[in-house]
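This report concerns only the one structure given below.
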2 protein chains.
Amino acid sequence: MPATVTLSPDNFAQALADSGLRNTPQREVIYSILLKKRDHPTADEVYARVKAELPTISLATVYNCLEALVNCNLVRAVNFEREPTRYCPNLHPHAHFHDETAGSTHDIDLPPGLLEQVRAILPPGYDASSIEISFRGRTAPEAATR
Amino acid sequence: MPATVTLSPDNFAQALADSGLRNTPQREVIYSILLKKRDHPTADEVYARVKAELPTISLATVYNCLEALVNCNLVRAVNFEREPTRYCPNLHPHAHFHDETAGSTHDIDLPPGLLEQVRAILPPGYDASSIEISFRGRTAPEAATR
DNA sequence: GTGATAATTAGAACTATTCCAAGAAAAGGG
DNA sequence: CCCTTTTCTTGGAATAGTTCTAATTATCAC
Ligand SMILES: [Mn+2]
Ligand SMILES: [Mn+2]
Ligand SMILES: [Zn+2]
Ligand SMILES: [Zn+2]
């Protein structure tokens with residue numbers, strides 16, 4: 001299983017500061033919600049969860065905060081086809097598996113060297129700033145809960 | 001470079017029939033447009049190109065036809081983040097490189113075995129029906145035209 | 001040909017996301 | 001501490017890509 005890197009509150013504020021952004025209660029709570037349940041929620045799902053703690057937050061703020069967290073590299077935005085963007089606080093390089101039947105999204109660890117091997121297929125002159133590996137399919141019932 | 005598999009008109013009609021779909025002038029012309037310029041156009045771009053040949057075609061028909069071609073596996077839909085879907089008639093398994101600067105999208109050949117190697121990283125119980133490898137970045141000026 | 005089925009069309013509707021303008025909060029200098 | 005500037009949040013409007021709807025047209029099977 002992937003090691004769970006948890007940032008101290010100070011490190012969280014520092015990561016924001018490094019990108020010239022301020023820490024705010026909204027950003028903190030949204031980040032903690034992503035850490036608490038790592039099921040790759042959509043913005044709407046984050047909105048529903050955050051309202052329990054910040055009942056007056058707006059959906060625009062949820063989008064703004066998620067964008068801020070993505071921009072300072074605390075969170076990854078994950079897309080499948082044209083479905084709503086999902087958000088992932090796992091900072092290790094990893095692939096994603098989207099179970100179309102269950103609608104769930106799972107992290108897939110990358111064995112050492114695979115990413116380099118994939119990058120190596122690029123012809124000369126191609127400079128990739130990001131590489132995404134994503135799967136769609138089904139998970140066996142017992143695998144879904146692993 | 002990838003071998004260009006060109007379907008005969010009969011094979012095209014057959015591929016549609018195999019999925020229980022009819023051949024139509026709109027579907028033929030849209031498919032020929034994808035083959036003619038393999039730059040991964042969006043639906044809007046296909047619409048602009050097809051109007052030269054079928055001036056009265058509607059955008060809805062372009063979407064309908066592209067969906068039909070995707071459903072009968074003559075065309076692949078390609079997505080980068082939340083940008084408009086692009087369409088690719090290259091039936092060989094391949095990865096995609098999206099040049100953010102140029103806005104262009106390029107096919108990347110996969111060396112034999114890589115896809116199997118990538119599939120092998122899935123834990124037991126994960127059954128992938130599709131695997132996507134996609135890059136974002138820049139291409140050197142001379143690489144862009146290769 | 002006739003009736004059934006499928007495809008095209010224009011425009012309305014939808015949905016995820018972004019934009020906007022106003023107010024609230026925080027920072028920094030004196 | 002005020003004051004000024006900048007950043008952030010907010011609700012609502014706007015946007016954009018795509019899908020839906022209902023009417024028309026084309027094709028198929030007999
Ligand atoms: Mn799904
Ligand atoms: Mn782009
Ligand atoms: Zn993830
Ligand atoms: Zn392609």
- request: Sort out for me which residue in His98(B), His40(B), Glu83(B) forms a side chain to side chain donor-acceptor pair (under 3.5 Å) with Thr105(B).
  value: His98(B)

message: On DNA chain D, compare the nucleotides closest to Pro25(B) and Ala60(B); which residue's is nearer the 5' end?
response: Ala60(B)

message: Looking at Glu132(B) and Arg119(B), is there a salt bridge between them, counting it only when a charged N and a carboxylate O are closer than 4.0 Å?
response: no

- request: Give Thr56(B) one of three labels, base, sugar-phosphate or nothing, depending on what nucleic acid heavy atoms sit under 4.0 Å from its own.
  value: sugar-phosphate

field: Integer-rounded Å distance: dT27(D) P and Arg22(B) CZ
entry: 9 Å

message: From OH of Tyr63(B) over to P of dA16(D), roughly how many Å is that when rounded to an integer?
response: 13 Å

task: Answer yes if the ring centres of Tyr126(A) and His106(B) are under 6.0 angstrom apart, and no otherwise.
output: yes

message: In the structure I gave you, are the side-chain heavy atoms of Arg27(B) and Phe12(B) within less than 4.5 Å of one another anywhere?
response: yes

- prompt: In terms of the nearest nucleotide of DNA chain C, which residue is placed more toward the 5' end: Thr42(A) or Asn64(A)?
  reply: Thr42(A)

query: For the helix from dG1(C)-dC30(D) to dG30(C)-dC1(D), what angle lies between the axis at the first five pairs and the axis at the last five pairs, to 10 degrees?
result: 40°

message: For a 4.0 angstrom threshold against heavy atoms of chain B, report the outermost contacting nucleotides of DNA chain C in 5' to 3' order.
response: dT5(C) to dT17(C)

- request: Looking at every strand, decide which applies to Glu83(A) at a 4.0 Å heavy-atom threshold: base, sugar-phosphate, or nothing.
  value: nothing

- request: Answer with base, sugar-phosphate or nothing: what part of the nucleic acid does Thr24(A) contact at a heavy-atom distance below 4.0 Å?
  value: sugar-phosphate

field: Separation of dT9(D) P from Leu69(A) CG (nearest whole Å)
entry: 10 Å

query: Taking atom P of dG17(D) as reference, at what distance in whole Å does atom CD of Glu81(B) sit?
result: 15 Å

- prompt: Can you check the Leu59(A) CG to dG12(D) P distance for me, whole Å?
  reply: 12 Å

task: In whole angstrom, give the distance that lies between atom CG of Asp44(B) and atom P of dT19(D).
output: 13 Å

- request: Could you work out which one of dT18(D), dT27(D), dC8(D) sits closest to the side chain of Arg82(A)?
  value: dT18(D)

- request: Salt-bridge test for Lys36(A) and Glu53(A): reply yes if a basic N is under 4.0 Å from a carboxylate O, no otherwise.
  value: yes

field: Whole-Å distance separating the CG atom of Leu66(A) from the C1' atom of dT10(D)
entry: 16 Å

task: In whole angstrom, give the distance that lies between atom CG of Asn71(A) and atom C1' of dC8(D).
output: 15 Å

task: Please work out whether the ring planes of His96(A) and Phe80(A) are parallel, tilted or perpendicular, with thresholds of 30° and 60°.
output: perpendicular

- prompt: Taking only residues at least two apart or on different chains, which pairs with a member in residues 54-64 of chain A satisfy side-chain hydrogen bond (donor to acceptor under 3.5 Å, both in side chains)?
  reply: Ser58(A)-Thr61(A)

query: In this structure, are over 12 heavy atoms from other groups packed under 6.0 Å from Arg49(A) atom CZ?
result: yes

N/O donor-acceptor pair under 3.5 Å between Arg86(A) side chain and Ala43(A) backbone: no

